Amino acid sequence: MAESLGPRLYSCCNCRNHVSLHDDIISKSFQGRSGRAFLFSHAMNIRVGAKADRHLITGLHTVADIYCGDCGELLGWKYERAYEASQKYKEGKFILEKAKIAKENW
């Protein structure tokens with residue numbers, strides 16, 4: 001019988017601070033600044049920066065960059081507001097860039 005290692009997590013690529021649970025992934029079909037990115041319903045051990053309006057692939061959004069709570073590495077952003085009705089589901093959700101996170105307990 002396999003030994004349980006606990007929940008599958010994602011951590012900061014720089015310091016291994018736990019930043020999200022695998023079970024909180026909503027979509028793996030997003031694009032970040034450095035390539036592929038994942039949309040998460042929750043994030044932890046992060047610091048949220050100032051809000052700013054940005055024109056992204058899917059239109060205008062108010063977002064805030066998110067940083068590792070331990071080392072300050074830029075990990076992605078939080079959707080604060082979506083102006084298009086079809087994009088409202090992103091509000092309050094987090095983008096973590098694949099290149100900025102590492103798998104733990106896999």
Side-chain angles (χ1 to χ4, degrees):
M1 179 182 256
E3 186 176 321
S4 176
L5 298 174
R8 293 189 295 174
L9 302 164
Y10 287 97
S11 63
C12 171
C13 67
N14 189 50
C15 71
R16 298 294 197 218
N17 177 33
H18 296 162
V19 294
S20 196
L21 298 171
H22 174 73
D23 289 346
D24 289 336
I25 290 178
I26 295 170
S27 174
K28 294 182 178 181
S29 302
F30 279 74
Q31 187 69 28
R33 293 179 189 94
S34 61
R36 195 167 166 203
F38 302 153
L39 181 68
F40 287 84
S41 59
H42 300 93
M44 58 190 167
N45 302 321
I46 59 162
R47 184 174 50 81
V48 180
K51 296 176 187 178
D53 286 342
R54 288 194 196 138
H55 290 279
L56 303 174
I57 294 170
T58 55
L60 181 64
H61 296 80
T62 302
V63 299
D65 286 337
I66 57 173
Y67 303 88
C68 175
D70 281 353
C71 73
E73 180 79 20
L74 177 62
L75 301 174
W77 64 86
K78 179 180 181 184
Y79 286 103
E80 297 288 353
R81 182 175 179 200
Y83 293 90
E84 303 280 335
S86 65
Q87 302 301 308
K88 290 286 188 187
Y89 75 96
K90 296 177 184 174
E91 291 181 343
K93 309 294 189 304
F94 300 86
I95 288 289
L96 294 173
E97 298 197 39
K98 186 177 179 189
K100 301 290 188 155
I101 55 176
K103 296 176 178 180
E104 301 280 342
N105 291 337
W106 290 66

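For clarity, every value in this text was computed on a predicted model and none was experimentally measured. The basis for the numbers below is simple: all heavy atoms, side chains too, and nothing from hydrogens, waters or symmetry mates.
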Do [X] and [Y] sit in one hydrophobic cluster, given that two such residues count as connected whenever their side-chain heavy atoms are within less than 4.5 Å of each other, even indirectly?
X: Ile101; Y: Ile66; result: yes
X: Tyr10; Y: Ile26; result: no
X: Val19; Y: Leu21; result: no

Looking at side-chain heavy atoms only, is the closest gap between [X] and [Y] below 4.5 Å?
X: Lys103; Y: Arg8; answer: no
X: Met44; Y: Leu9; answer: yes
X: Val63; Y: Leu56; answer: yes
X: Lys93; Y: Phe30; answer: no
X: Leu96; Y: Ser20; answer: yes
X: Trp77; Y: Glu97; answer: yes

**Item:** Qualifying residues under salt bridge (charged side-chain N to carboxylate O under 4.0 Å, His left out), relative to Lys100, sequence neighbours excluded
**Value:**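 In terms of salt bridge (charged side-chain N to carboxylate O under 4.0 Å, His left out), with neighbours along the sequence ignored, Lys100 is linked to Glu73.
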
Roughly how far, to the nearest 0.5 Å, is [atom2] of [Y] from [atom1] of [X]?
X: His18; Y: Cys68; atom1: NE2; atom2: SG; value: 11.0 Å
X: Leu39; Y: Ile95; atom1: CG; atom2: CD1; value: 4.5 Å
X: Leu74; Y: Arg47; atom1: CG; atom2: CZ; value: 9.5 Å
X: Ile46; Y: Phe94; atom1: CD1; atom2: CZ; value: 4.5 Å
X: His61; Y: Lys51; atom1: NE2; atom2: NZ; value: 15.0 Å
X: Arg54; Y: Leu60; atom1: CZ; atom2: CG; value: 11.5 Å

Looking at every non-hydrogen atom in both residues, tell me the closest pair between [X] and [Y] and how far apart they are.
X: Ala64; Y: Glu80; answer: CB-OE2, 4.0 Å
X: Cys71; Y: Asn14; answer: SG-ND2, 3.2 Å
X: Thr58; Y: Glu84; answer: O-CG, 4.1 Å

**Request:** State which residues pass side chain to side chain contact (heavy atoms under 4.5 Å, CB included) with Ala102; sequence neighbours excluded, sorted by chain then number.
**Result:** Ser11, Arg16

**Request:** Examine distances only and state if a side-chain atom of Asn17 and a backbone atom of Asn45 form a donor-acceptor pair shorter than 3.5 Å.
**Result:**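 Side chain of Asn17 to backbone of Asn45, a donor-acceptor pair under 3.5 Å: yes, one is there.
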
**Message:** Treating Asn105 as the side-chain partner and Pro7 as the backbone partner, does any N or O pair qualify as donor plus acceptor under 3.5 Å?
**Reply:**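 Yes, because the side chain of Asn105 sits within donor-acceptor range (under 3.5 Å) of the backbone of Pro7.
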
**Request:** Over 60° means perpendicular and under 30° means parallel, so classify the ring planes of Phe40 and Phe38, tilted if in between.
**Result:** tilted

**Request:** Under the ring-ring contact (aromatic ring centres under 6.0 Å, His included) rule, collect the residues that match up with His22, sequence neighbours excluded.
**Result:**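 With neighbours one apart ignored, the set is Trp106.
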
